Structure formats: C-alpha cells, structure tokens
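Notes to accompany the following structure.
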Amino acid sequence: KRVSRAAASERSMRFLTVATTANAHLGRLLKSAEHHRVPLEVIGLGHAYTSHRTKIDLVLEYLAGLDPEQPLLFVDGYDTVFLTGPQEMEAKFAAFGAEIVFSAEQNLLVSEGGWSRLRIWWHYPETRRPYRFANSGTYAGLAGRLAALWRAQDLDRIEQQNCDQSAINRHYRSHPDALVLDVHQELFAVTAGRTGLEAEDYEVRDGRL
C-alpha cells in the first residue's frame with residue numbers, strides 16, 4: 001500500500017537490530033552506526049537463539065510497544081553495516097511512498113527443496129532484474145504494518161525451517177501488494193549469494209559504495 005511522503009516522515013525513524021550475543025560482527029555494525037550517527041537499538045542480548053523465529057518474536061514484541069504509524073528500519077545484527085546517516089535513510093524510505101519496503105537480492109531463497117523453490121520462482125511477481133527477490137535481513141516500514149506482516153506468517157514453519165526469508169518470499173509471491181521491493185538498491189544494498197562477485201556488482205564513486 002502506498003502512503004504519502006508527508007505521512008511517512010511525520011515521526012523520526014527508529015533503527016533496530018536483533019543480536020543475542022555481542023561479538024565482532026555486531027561490533028562492526030555498531031561502529032558503522034556510531035560513525036554515521038545512527039541511533040541503533042539492539043534487542044535480544046542474552047536470549048537463547050533457537051531459530052530465526054526468535055528474531056521475529058523479539059521484533060514483534062518490540063513493535064507492540066510502538067505507535068502503529070512509527071517508521072522503523074530493521075537490519076540483521078551480524079552481516080550488515082550502515083553506509084549513511086539516518087536523515088538520508090528516512091528520506092529514501094519516504095520517497096518510496098510505501099508502508100513496507102524490503103531489500104531485494106539476485107537469488108530466490110526458499111528452504112523447502114528444489115521443487116518448492118521452482119514453483120515459487122515460476123509464479124513470482126515480475127520485477128526489475130537482477131534484484132527481484134525479497135531479502136528479509138533488511139527492511140523498513142510502519143510499525144503496525146510490519147507487525148501485521150509478520151503475524152500473518154506461519155511462525156511454527158519459520159521455526160522448523162529456520163528461515164524467515166522463505167516465508168517472506170512465499171508471502172510476496174501470493175500477495176505482491178503487501179510490500180515494495182527495493183529493486184534499484186536505493187535504500188539497501190544486498191550482496192547475498194554473490195561472494196566473489198563484489199567487483200562486478202559494486203564500485204566506489206566519490207568515496208561511496
């Protein structure tokens with residue numbers, strides 16, 4: 001669903017990650033947040049992480065305490081960094097005019113075997129290539145809409161498969177209006193599945209990736 005840019009920018013964006021253990025990967029993210037003055041909140045420290053459902057449960061608990069219209073940007077805790085500050089990220093999210101924006105990658109992740117992956121791929125909404133498949137590690141949206149999206153998923157299935165991204169790809173296949181994908185890599189840049197191909201996918205211009 002599309003929303004006005006003004007409505008998306010009425011409240012300052014919150015920035016969130018889940019990390020159950022403090023380690024060098026989380027430290028790298030926190031260092032980038034400090035460098036770019038991103039007020040990143042870390043939730044989950046000390047919790048047992050049994051599957052990616054743990055992440056979703058912690059996010060849902062956090063979202064329940066927010067105003068439904070509160071903009072929020074989520075990043076995974078151990079494999080992301082910030083490359084810019086909060087003002088630019090807020091502006092780029094508002095420019096989408098969308099309630100939910102998910103990052104996009106070049107690979108379709110479905111953890112149920114080849115045939116299931118093929119069925120989802122075959123019926124997947126056609127979007128701009130090569131970044132056309134949803135990535136659940138980074139997303140932004142209004143708190144109430146994000147909570148509704150995650151509550152609509154089969155959380156037991158996520159727990160069994162340990163894969164929240166499969167759930168989002170299945171959901172987007174069936175409900176293409178539920179979210180917008182960042183197919184132009186404007187807000188998020190995803191390198192998933194492209195190890196060794198970074199020089200082909202990215203370049204540095206004027207000190208920015």
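Only this structure's heavy atoms are used, side chains among them; waters, hydrogens and symmetry mates stay out. In this text, all values refer to a predicted model and were calculated from it rather than measured experimentally.
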Looking at [X] and [Y], would you say the former's side chain and the latter's main chain have a donor-acceptor pair under 3.5 Å?
X	Y	result
R129	V183	no
S103	N135	yes
T17	G77	yes
E99	L142	no
R28	N23	no
D154	D156	yes
E198	G196	yes

Rounded to the nearest 0.5 Å, how far apart are [atom1] of [X] and [atom2] of [Y]?
X	Y	atom1	atom2	result
R11	L72	CZ	CG	13.0 Å
H171	S136	NE2	OG	13.5 Å
Q185	Q106	CD	CD	8.0 Å
E159	I56	CD	CD1	12.0 Å
R173	W122	CZ	CH2	14.0 Å
D67	Q70	CG	CD	7.0 Å

If you look only at pairs with a residue in residues 36-59, which of them pass as a ring-ring contact (aromatic ring centres under 6.0 Å, His included), with sequence neighbours excluded?
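Non-adjacent pairs meeting ring-ring contact (aromatic ring centres under 6.0 Å, His included): Y49-H52.
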
Test item: [X] and [Y] side chains (from C-beta on) under 4.5 Å apart, heavy atoms:
X	Y	value
Q165	F133	no
R132	E126	yes
F102	L149	yes
Y62	V18	no
L73	V38	no
R208	T84	yes
F74	L146	no

Which heavy atom of [X] sits nearest a heavy atom of [Y], and at what distance?
X	Y	result
T54	A48	CG2-O, 3.5 Å
L58	G44	CD1-CA, 3.8 Å
A19	L26	CB-CD2, 3.8 Å
V180	A98	CG2-CB, 3.6 Å
A147	L60	O-CD2, 3.6 Å
A104	L181	CB-CB, 4.3 Å

Stepwise side chain to side chain contact (heavy atoms under 4.5 Å, CB included) check, Y172 with T127:
CA-CA 12 Å; Y172 183 63; T127 53; 3.6 Å; yes

Can you list the steps and then say if Y139 with L179 is a side chain to side chain contact (heavy atoms under 4.5 Å, CB included)?
CA-CA 10 Å; Y139 56 84; L179 53 97; over 6 Å; no

Same cluster (ILVMFWY, side-chain, under 4.5 Å), [X] and [Y]:
X	Y	result
M89	Y131	no
F188	L209	no
V81	F93	no
V190	V101	no
L45	V75	yes

Could you give me the CA-CA distance, side-chain angles and deciding distance for Y124 and N169, then say whether side chain to side chain contact (heavy atoms under 4.5 Å, CB included) is met?
CA-CA 8 Å; Y124 208 80; N169 275 308; 2.7 Å; yes

Would you say E186 has more than 12 foreign heavy atoms packed within less than 6.0 Å of its CD?
yes

Begin with the C-alpha distance, continue with both residues' side-chain angles, and end with the deciding distance and a verdict on side chain to side chain contact (heavy atoms under 4.5 Å, CB included) for V42 and L30.
CA-CA 9 Å; V42 181; L30 293 175; 3.9 Å; yes

Does the pair E200/R194 count as a salt bridge with the N-to-O cut at 4.0 Å?
yes

Is the closest basic N to carboxylate O distance between E88 and K92 below 4.0 Å?
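Answer for the salt bridge query: yes.
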
